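Here's the structure we're looking at; comments come further down.
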Amino acid sequence: MTQVLVTGATGRTGALVVKKLQNCEQPDGNRSLTVIGFARNREKVQSMFGSTEGFVYGDITDPGSLAPAMDQCDALIIVTSAKPQISPPTSPDTPALCTFEPGGSPEEVDYQGQVNQINCAKEAGIQQIILVGSMGGTNEQHPLNRFGNILIWKRKAEQYLIDSGLDYTIVRAGGLIDEAGGERELIVGKHDTLLTNPPKGIATTIPRSDVAEVVVQALFHPEARNKAFDLIAMPPGQASYSQDFHALFSQTMPGL
């Protein structure tokens, strides 16, 4: 039996990962999979999933609450992220304001929170970690890096995971959109080249559902292990949906 912990389980992408895992069948036809969602708010879990069964509660900035959740787990899927609260400019001459809730800054969540998860996973004997990140970490001038260096802190955590010695898969998604999954060809890249030199006429975006599907598939495909890659999707209708995940992961490379 495989037991998987998903952190950030009540986020928009994390919730999709949990739901896909709850209903997925492993490539060998084995349904022996236990999914545990890790969240901070019981009421939010009840509202989103209609039940609190299969969830544990804590905070990724508190290693003491992480450790019990990882007991008996074989794999960890990290879908946590700092959430900026952006206020529009009050005049044409003033910039937008960005704040984070106390304890929720990119350094605390996207770096230290992920480091906490990686350390606890290693102590618990977990051998495989799949981390959902974002493209843009190589560019200090990326718009998201103007708000607390979000992508830079994410990339530091990704390097920490690579250096941990655990099997890793790092999925750096393009701009996340809330559209139907399973309708687009997926494209993988490295080092933000899809941002700096995107395929002609293609927006560097991807449906959250497609990201969640790639995460689930990475759990079972050896070709995804010890790889880090950028991920975007073709516009719907321009190409067939990527169903051969063996081929997709075989295009990816190790290292940051």
Side-chain angles (χ1 to χ4, degrees), residues 2-19 21-22 34-49 51-85 98-134 137 144 147-173 212 215 219:
T2 301
Q3 184 160 298
V4 184
L5 179 70
V6 181
T7 60
T10 56
R12 285 184 289 173
T13 306
L16 292 172
V17 172
V18 171
K19 291 173 181 177
L21 284 171
Q22 288 173 336
T34 299
V35 185
I36 301 172
F38 186 85
R40 290 188 297 172
N41 189 298
R42 183 181 296 269
E43 289 72 26
K44 189 173 182 180
V45 169
Q46 179 67 44
S47 174
M48 293 181 71
F49 292 88
S51 169
T52 59
E53 184 178 355
F55 282 82
V56 293
Y57 303 93
D59 193 314
I60 62 168
T61 62
D62 174 18
S65 69
L66 277 167
M70 297 192 186
D71 186 42
Q72 307 283 321
C73 287
D74 304 291
L76 167 65
I77 299 176
I78 299 175
V79 205
T80 53
S81 182
K83 295 179 174 59
Q85 299 169 345
C98 175
T99 59
F100 298 88
E101 63 181 33
S105 71
E107 181 178 1
E108 291 166 296
V109 174
D110 294 307
Y111 179 70
Q112 192 59 55
Q114 291 190 8
V115 167
N116 290 343
Q117 294 177 71
I118 295 161
N119 289 343
C120 287
K122 197 167 187 177
E123 292 170 6
I126 289 174
Q127 293 298 313
Q128 181 183 15
I129 296 180
I130 301 171
L131 186 156
V132 178
S134 302
L144 286 178
F147 303 132
N149 288 324
I150 294 175
L151 303 181
I152 291 173
W153 285 116
K154 283 181 182 291
R155 200 164 178 88
K156 288 179 182 292
E158 292 165 5
Q159 184 66 65
Y160 189 88
L161 172 56
I162 292 170
D163 293 340
S164 72
L166 300 175
D167 280 359
Y168 66 87
T169 304
I170 299 169
V171 182
R172 298 192 188 100
V215 168
L219 191 63

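Treat the numbers as computed from the prediction; the structure is a model and nothing was measured.
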Quick one: closest heavy-atom pair of Leu219 and Gln128, and the distance? O-NE2, 3.5 Å
Inter-residue atom distance Leu66.CG - Gln117.CD, 0.5 Å rounding: 5.5 Å
Side-chain donor-acceptor pair present, Gln72, Thr34, cut-off under 3.5 Å: no
When you measure from the side chain of Lys154 to the backbone of Ser134, do you find a donor-acceptor pair of N or O atoms at a distance under 3.5 Å? no
Taking C-beta and beyond as the side chain, do Arg155 and Glu158 meet within less than 4.5 Å on heavy atoms? yes
Evaluate Gln127 against Asp167 for side chain to side chain contact (heavy atoms under 4.5 Å, CB included), listing each step before the verdict. CA-CA 6 Å; Gln127 293 298 313; Asp167 280 359; 5.6 Å; no
Got a second to check how far Leu166's CG is from Leu76's CG, nearest 0.5 Å? 9.5 Å
To the nearest 0.5 Å, what is the distance between CD1 (Ile126) and CD1 (Ile118)? 11.5 Å
Can you give me the closest heavy-atom contact between Val18 and Ala9, atom names plus distance? CG2-CB, 3.8 Å
Rounded to the nearest 0.5 Å, how far does CG of Leu5 lie from CG of Leu21? 11.0 Å
Distance in Å, Asn41 CG paired with Phe55 CZ, rounded so as to fall on 0.5 Å steps: 11.5 Å
Indicate the atoms forming the closest heavy-atom contact of Ala67 with Cys120, along with that distance. N-SG, 4.2 Å
Where is the tightest heavy-atom contact between Ser65 and Gly58, given as atom of each residue plus distance? OG-CA, 3.6 Å
Any donor-acceptor pair under 3.5 Å from Gln46 side chain to Arg42 backbone: no
Would you indicate whether the side-chain heavy atoms of Ile150 and Phe100 approach each other to under 4.5 Å? yes
Any sub-3.5 Å donor-acceptor pair from Thr7's side-chain atoms to Phe38's backbone N or O? no
Would you mind reporting whether Ile162 and Ile170 have side-chain heavy atoms less than 4.5 Å apart? yes
Backbone N or O of Leu161 within a donor-acceptor pair of the Ser164 side chain at under 3.5 Å? yes
Determine whether Asn149 and Tyr111 satisfy the following criterion, side chain to side chain donor-acceptor pair (under 3.5 Å), listing intermediate values before the conclusion. CA-CA 11 Å; Asn149 288 324; Tyr111 179 70; over 6 Å; no
All heavy atoms of Val6 vs all of Gly14, minimum pair found to be CG1-O, 4.2 Å
Would you say the side chain of Val56 lies within less than 4.5 Å of the side chain of Pro68, judging by non-hydrogen atoms? no
Examine distances only and state if a side-chain atom of Asp110 and a backbone atom of Trp153 form a donor-acceptor pair shorter than 3.5 Å. no
Is there a side chain to side chain contact (heavy atoms under 4.5 Å, CB included) between Gln22 and Lys19? Walk through the geometry before answering. CA-CA 5 Å; Gln22 288 173 336; Lys19 291 173 181 177; 4.3 Å; yes
Taken to the nearest 0.5 Å, the spacing of Thr52 OG1 from Glu43 CD works out to 9.5 Å
Decide yes or no for Glu101 and Lys83: does some side-chain heavy atom of the first lie under 4.5 Å from some side-chain heavy atom of the second? no
Using every non-hydrogen atom in the two residues, find where Ser105 and Glu108 come nearest and quote the distance to one decimal. OG-OE1, 2.7 Å
Backbone N or O of Pro63 within a donor-acceptor pair of the Asn116 side chain at under 3.5 Å? no
Evaluate side chain to side chain contact (heavy atoms under 4.5 Å, CB included) for Thr80 paired with Gln114, printing each intermediate quantity in order. CA-CA 8 Å; Thr80 53; Gln114 291 190 8; 4.2 Å; yes
Does a donor on one side chain sit under 3.5 Å from an acceptor on the other, for Asn119 and Glu123? no
